[in-house]
2 protein chains.
Amino acid sequence: MLENISTEQRIDPRVKRTRALIEHAFNELLEEKGFQSISVQDITERAEINRSTFYAHFVDKYALLETNITQTFRQELEKRTLSACHYSVENLQILIVTVCDFIMQAKTHCKATGSQFEILVEKQVKQEIRDLLEYWLEQSGSTTDPKLAATAASWAIYGLALQWSNDKQHTNAEFFTEQISPQIQAILQLNQ
Amino acid sequence: MLENISTEQRIDPRVKRTRALIEHAFNELLEEKGFQSISVQDITERAEINRSTFYAHFVDKYALLETNITQTFRQELEKRTLSACHYSVENLQILIVTVCDFIMQAKTHCKATGSQFEILVEKQVKQEIRDLLEYWLEQSGSTTDPKLAATAASWAIYGLALQWSNDKQHTNAEFFTEQISPQIQAILQLNQ
DNA sequence: GCTCCTTTGTTGTTTTCCCAACAAATATAG
DNA sequence: CTATATTTGTTGGGAAAACAACAAAGGAGC
């Protein structure tokens with residue numbers, strides 16, 4: 001199992017609650033209006049917590065978005081049990097499809113291009129891809145440096161998926177994945 | 001509008017939350033097992049709050065049951081907009097049907113007869129009936145003492161509804177209400 | 001009867017959260 | 001551009017909840 005850095009043991013139920021309240025309110029607001037137009041006040045009012053309490057948990061709404069993206073993406077991985085398995089071409093392809101779906105889903109939440117929202121989605125999702133691939137490579141006893149290969153592959157996967165999502169008449173994600181899978185496999189240098 | 005004695009203005013969001021958590025956990029447990037077999041520990045574990053916090057809000061589980069019954073019954077009244085209207089034969093009959101339904105519903109939550117559960121349901125529901133009837137009578141400018149008439153009627157309604165609910169081949173609540181409505185009207189001494 | 005175990009209330013201390021107030025930074029309108 | 005709101009980030013003091021520990025009461029099994 002991919003070690004969650006947040007292997008927090010017994011967490012104070014109060015912070016668990018407020019985190020959940022903030023997260024829930026934020027997700028609701030994301031559905032209703034774009035990220036930019038959401039203010040910290042909006043979130044705390046919706047969550048029915050004090051505004052100062054928000055700042056005890058996150059430095060600003062961008063920090064909240066970061067953890068929110070990571071959490072949401074991890075949930076998608078866990079739905080497909082990707083974080084609890086090992087490397088295979090099939091799992092790699094499932095991962096790529098997951099990234100494609102996630103980018104498409106994220107697009108509904110941001111209006112402007114080049115926004116802070118897009119930047120943070122890219123940063124967090126690439127990081128998660130990298131962590132998972134590194135974990136897979138270490139398990140498989142790769143000959144190449146897992147860190148380097150994982151980084152390269154994460155950039156390649158995200159870059160390709162983003163280009164695919166911006167293509168106005170793009171094929172479906174599964175067909176696209178079949179196309180690019182060999183290249184990613186080459187980066188990972190695993191001949192399985 | 002029937003003046004809620006709990007016209008609490010701005011209530012601390014923390015107590016609002018914990019009350020809701022307790023209430024929610026208690027309702028869940030009531031559905032799963034009888035009132036007697038529920039311990040304070042069960043409630044606080046389900047609600048994910050500290051046990052000592054429970055005692056900061058209620059002296060024991062019986063006190064919780066009291067407020068829970070009152071709240072649930074008031075919700076039933078508000079569903080039928082009974083707490084925001086005035087006296088009429090039709091509204092009186094709706095009230096009686098509500099009491100019948102409530103007693104039948106409560107029966108599923110208690111096993112033994114003569115239990116503390118039954119006693120508290122009777123006490124709280126009679127009180128709510130009394131308050132509502134007194135409010136109606138005061139609005140109508142009754143000639144008789146509203147307190148006395150309301151008390152008498154509340155006992156009569158509850159007693160009759162309880163007997164009806166214990167009747168193994170009881171008629172439906174609406175038909176039963178038609179039967180006893182004249183008697184209750186007589187107690188209230190209103191010739192409308 | 002007697003144990004063993006669970007539940008019950010209660011207490012004192014620590015942590016988290018609420019609240020109001022503030023100056024600074026950002027909108028938004030005219 | 002100026003004026004008026006609104007939002008932001010931070011602070012100090014007070015209230016609520018968490019936590020651990022305790023004696024006492026109740027129940028289950030033997």
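Just so we're on the same page: letters track the sequence lines, and every chain starts at 1.
No more than 12 heavy atoms of other residues, nucleotides or ligands shown are found within 6.0 angstrom of CD on A:Glu48. Around the CD atom of A:Gln71, the shell of radius 6.0 Å holds more than 12 heavy atoms that belong to other residues, nucleotides or ligands. Within 6.0 Å of NE2 on A:His170 lie more than 12 heavy atoms contributed by other residues, nucleotides or ligands. Other residues, nucleotides and ligands contribute only 12 or fewer heavy atoms inside 6.0 Å of the CD atom of A:Gln163.
Comparing B:Ala56 and A:Lys61 against DNA chain D, the residue whose closest nucleotide sits nearer the 5' end is A:Lys61.
In this structure, CG of A:Asp60 is placed 14 Å from C1' of C:dA25, rounded to the nearest angstrom. Rounded to whole Å, the distance from CD1 on A:Ile11 to P on C:dT15 is 15 Å. As a whole-Å value, the separation of B:Asp12 CG from C:dC18 P is 7 Å. The separation between B:Phe58 atom CZ and C:dT10 atom C1' is 18 Å, rounded to whole Å. Straight-line distance from the NZ atom of A:Lys16 to the C1' atom of C:dT15: 17 Å, rounded to whole Å.
For the contact set between residues 45-54 of chain A and DNA chain C, defined by any heavy atom under 4.0 Å, the members are A:Ile49, A:Asn50, A:Arg51, A:Ser52, A:Thr53.
In this structure, B:Arg17 does not reach the C:dT16 phosphate: none of its side-chain N or O atoms is under 4.0 Å from OP1 or OP2. OP1 or OP2 of C:dC17 sits under 4.0 Å from a side-chain N or O of A:His57.
Note on A:Asp145 versus A:Lys147: no salt bridge recorded, every NZ/NE/NH1/NH2 to OD/OE distance being 4.0 Å or above. The residues A:Glu66 and A:Lys123 are annotated as salt-bridged, a charged nitrogen and a carboxylate oxygen being separated by less than 4.0 angstrom.
When each of B:Glu31, B:Glu23, B:Glu32 is paired with B:Arg46, the salt bridge (charged side-chain N to carboxylate O under 4.0 Å, His left out) condition holds for B:Glu32 and for no other.
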request  = List the steps, then state whether ring pair (Phe, Tyr, Trp, His ring centres under 6.0 Å) holds for A:Tyr62 with A:Phe35.
outcome  = CA-CA 9 Å; A:Tyr62 299 97; A:Phe35 171 72; 5.5 Å; yes
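Nucleotides of DNA chain D with any atom under 4.0 Å from a heavy atom of chain B span, from 5' to 3', D:dA15 to D:dA21.
Checked by distance alone, A:Arg14 brings no side-chain donor or acceptor within 3.5 Å of a matching partner on the base of C:dC17.
Legend: residues meeting salt bridge (Lys or Arg N to Asp or Glu O under 4.0 Å) with B:Glu138, ordered by chain and number and at least two apart, are absent.
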